[in-house]
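What follows is a set of notes on a single structure, which appears directly below.
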Amino acid sequence: MSRPRVVIVGAGFAGYRAARTLARVTRGRAQITLLNPTDYFLYLPLLPQVAAGVLEARRVTVSLAGTLPGVRLLLGEAGRVDLDARTVHYTDPEGGTGAVGYDRLVLAVGSVNKLLPIPGVAEHAHGFRGLPEALYLRDHVTRQVELAAVTGDPDTRAARRTFVVVGAGYTGTEVAAQMQMLTDGLARRHLPGGTRPRWMLLDVAPRVLPEMDERLSRTADRVLRARGVDVRMGTSVKEATHDGVLLTDGEFVASRTLVWCVGVRPDPLVEAVGQPLERGRLIVDPYLQVPGRPEVFACGDAAAVPDLEHPGAFTPMTAQHAWRQGRVAGENVAAALGLGRRRRAYRHRDLGFAVDLGGVHAAANPFGVPLSGLPAGLVTRGYHLAALPGNRVRVAADWLLDAVLPRQGVQLGLVRSWAVPLDTASPELPRVPADPAPAGTASGAPRSAGPARTRPGGEPAGNQPGGEPAKNQPGGEPAKNQPSAPGPSGPRAAEAEAQAQAQADPDPDAEAEGDT
C-alpha cells in the first residue's frame, strides 16, 4: 500500500513547524514534501541584527534538509494550485516548471511587504522581509555614511546621513534601534567633528509598538529618544522622491534612505487559490481546514484562523501564532490520515513579547511581567536561543564577539538596489538579471530569481535610492524603467488584485514576528 502524500507549501514559521510535527507523528508512514524557494528556514526576529552587523547572515538560516529528517525538500515556488486535480504547479530556481500531487495540502506561504497608495514609495523605499533586503540595507547604510564623509556639499552630506524608517511596530522599532547603533559606530570612524547620523521613526499610531503592552511601548520610546532617534508618532510619508520624503505634516526631509516596515499582507498565491478570503487571508475553520475542502489546510499569515479566545475575531499575523498553528496543522493532517491522535482546534495563550533594542537594552513582558534594561535583554536573547531550531552556539558566539570587538564597517555590494524592489511577492529572493543578450542587441530584461513570484509590472521605475549609478547595472542597463520578469507556470495575475485589496483595507494586526 502506497504512503499518503502530503505537500506543505512554504517553510516559514508555520510551514517549518508543520513539517517537523508531521514527520515526528507519522514516523515515515506518510510521504511529506516541503515546497519552498530556499533550502532554509529564516528566523525573522533576528534579521535586524543581521542588517546591523551583529550576526552573520547564515546564523539566522536553519537548513531544512539538516533539521527535517523524513521530509523531502522540493526547491521551487508555487505558481498555481489546482484543487480539483490535487496538484501544485511550481517553478524551480532555474526557471523549469513542474507539478506535485497530494492527498493532503498545507498552505503556509506566509506574507510579503504591505504597500499603501503613497506616491513614490514603491520606487524609492525598501522593505525588510528577507535576507537580501537586510544585506542590502547594511551595505546601503554603510555606503551613505562613507559618501557623506567625502561630500563637499553640506546639504548632500546631511541627506546621506539621514535615515527614515516608516512603521513603529516590532520590525521598524528594532531596525531603527539596531541600525542607529551601527551608524554611530561608522560615524566615529568616518564623519568629522563628532557629527551623528540622524534616524527618524514614523508611524500614524499614537505610540511606538502600538500592538504591545503600553509599558513596553514607553520603554522602547525612552531608549530610542535617548539615543537621538527622532520618533514622530501621528506622522507618516505623503510622498517619496529620490531626494527625500514629504511628511504628512508638510515637512520635507532630505534623505537617501527610506525603510518600509508598515506591516505585511498575505502572499498573493492565496488569492489565486479561489477560496473565500478575509482581508486577503484564506478562511479556515478552528481545525485549520478550508471549508468545503477537507483535504486542504492553511496556517500562519496565509490563513484567517478564528480566535476562539475572542469570538468573531481572527488571530493576528504574528510568529507566535504561525509557530503554534504549524504544530496544530501537522497534528491534524496526521489525524486526517489516520496516523495520529484525534484532531484538535487551535487555541492560544499569549506568552508575551520581546523587543531587542540593541546593546543591553530590550523591552519584554514574559508571562505578563514587564521588564526593561539588562533583565529584559537577557530574557529576550534567552528566548531567541531557545526558539531557534538550530545555530544556537554560533548565534551565542556572535553575540559574545559583538560585545568585545568592534563591528566591521564594510560594504560587500552583493545586493544592489534594483535586486530588492519593495513591490515583490518574493522578498526571500533577490531579483537577478537575465542572461546577456547577443552582441548588437539591447541587454536582456531582468528576471526574478523566483519567476513565479514577480509582480506584474516589474521593476519600479525612477531613480534608485542610495545614489547608485546606472553604470553598475548588469549589462549597462539603466536602473529605471526595467521591464518585468516573465510570468510563472500558472498565472499570478491575481496578485495585482490582492495588492489593491491590501491597500484599500490594510490589516491593523499584520505586524511582524516579535512575540515570544
Side-chain angles (χ1 to χ4, degrees), residues 12-22 24-25 43-46 106 108 110-111 169-171 174 209-217 219-220 263-264 278-279 281-289 297-335 340-356 362-372 375-376 378-389 507-516:
F13 280 89
Y16 180 88
R17 188 78 184 278
R20 191 169 76 172
T21 301
L22 189 59
R24 174 180 54 82
V25 173
Y43 190 75
L44 272 170
L46 292 181
V106 180
S111 54
Y170 172 83
T171 302
E174 276 213 343
L209 302 173
E211 71 282 0
M212 298 185 187
D213 185 274
E214 192 169 348
R215 289 168 291 188
L216 271 68
S217 176
T219 297
V264 294
E278 166 64 27
R279 290 186 175 181
R281 294 194 283 172
L282 196 62
I283 293 177
V284 297
D285 63 21
Y287 300 96
L288 309 182
Q289 288 178 288
F297 295 74
C299 52
D301 290 354
V305 180
D307 189 341
L308 299 183
E309 304 299 321
H310 301 88
F314 296 93
T315 58
M317 299 164 69
T318 65
Q320 181 179 129
H321 287 291
W323 188 248
R324 296 174 177 180
Q325 289 169 11
R327 177 180 178 180
V328 173
E331 292 175 347
N332 287 351
V333 169
R341 293 175 294 182
R342 187 177 62 180
R343 67 176 187 158
R344 63 186 179 97
Y346 175 70
R347 293 181 179 273
H348 70 93
R349 181 172 65 91
D350 287 337
L351 299 180
F353 291 85
V355 181
D356 193 326
N365 62 342
F367 304 103
V369 180
L371 299 174
S372 61
L378 294 175
V379 167
T380 299
R381 295 202 169 185
Y383 163 72
H384 287 316
L385 286 180
L388 267 170
D507 185 353
D509 293 325
E511 179 46 41
E513 298 75 357
D515 37 319
T516 58

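All values below come from the heavy atoms of this structure, side chains included, with hydrogens, waters and symmetry mates left out. Heads up: numbering here begins at 1 and tracks the sequence.
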For [X] and [Y], which heavy atoms make the closest approach, and how far apart are they?
| X | Y | answer |
| --- | --- | --- |
| Ala304 | Glu278 | CB-CB, 3.8 Å |
| Pro306 | Val284 | CD-O, 3.3 Å |
| Leu288 | Ala329 | CD1-N, 3.6 Å |
| Ala14 | Cys299 | CB-SG, 3.7 Å |
| Phe13 | Trp323 | O-CE3, 3.4 Å |
| Gly340 | Val25 | CA-CG1, 4.0 Å |

Straight-line distance of [X] [atom1] to [Y] [atom2], nearest 0.5 Å:
| X | Y | atom1 | atom2 | value |
| --- | --- | --- | --- | --- |
| Leu209 | Glu214 | CG | CD | 11.5 Å |
| Phe297 | Asp285 | CZ | CG | 8.5 Å |
| Leu378 | Leu371 | CG | CG | 10.0 Å |
| Leu46 | Asp356 | CG | CG | 8.0 Å |
| Arg342 | Glu331 | CZ | CD | 12.5 Å |

- request: For residues Tyr16 and Pro389, determine if any side-chain heavy atom of one lies less than 4.5 Å from a side-chain heavy atom of the other.
  value: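 Yes, their side chains come closer than 4.5 Å.
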
- request: Classify the side-chain pair Glu211/Thr318 by whether it contains a donor and acceptor separated by less than 3.5 Å.
  value: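 Short answer, no.
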
message: If we check side chain to side chain donor-acceptor pair (under 3.5 Å) with Thr315, which of these qualifies: His348, Glu309, Arg324, Gln325?
response: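 In the set His348, Glu309, Arg324, Gln325, the residue that makes a side chain to side chain donor-acceptor pair (under 3.5 Å) with Thr315 is Gln325.
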
- prompt: Got a sec, which residues hit side chain to side chain donor-acceptor pair (under 3.5 Å) with Asp213, two or more places apart in sequence or on another chain?
  reply: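 Once residues adjacent in sequence are excluded, the partners of Asp213 under the side chain to side chain donor-acceptor pair (under 3.5 Å) criterion are Arg215.
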
query: Which residues pass the side chain to side chain donor-acceptor pair (under 3.5 Å) test with Arg347, sequence neighbours left out?
result: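 By the side chain to side chain donor-acceptor pair (under 3.5 Å) rule, Arg347 matches no residue at all.
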
message: Assess the residue pair Val305 and His321 against the criterion (side-chain contact (heavy atoms from CB on, under 4.5 Å)); give the C-alpha distance rounded to whole Å, side-chain angles, the decisive distance to 0.1 Å, and a yes or no.
response: CA-CA 9 Å; Val305 180; His321 287 291; over 6 Å; no

- request: Tell me, with the steps shown, if Arg344 and Asn332 meet side-chain contact (heavy atoms from CB on, under 4.5 Å).
  value: CA-CA 7 Å; Arg344 63 186 179 97; Asn332 287 351; 4.3 Å; yes

query: Quick check: does any side chain N or O of Asn365 sit under 3.5 Å from a backbone N or O of Phe353, one acting as donor and the other as acceptor?
result: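 Yes, Asn365 side chain to Phe353 backbone: donor-acceptor pair under 3.5 Å.
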
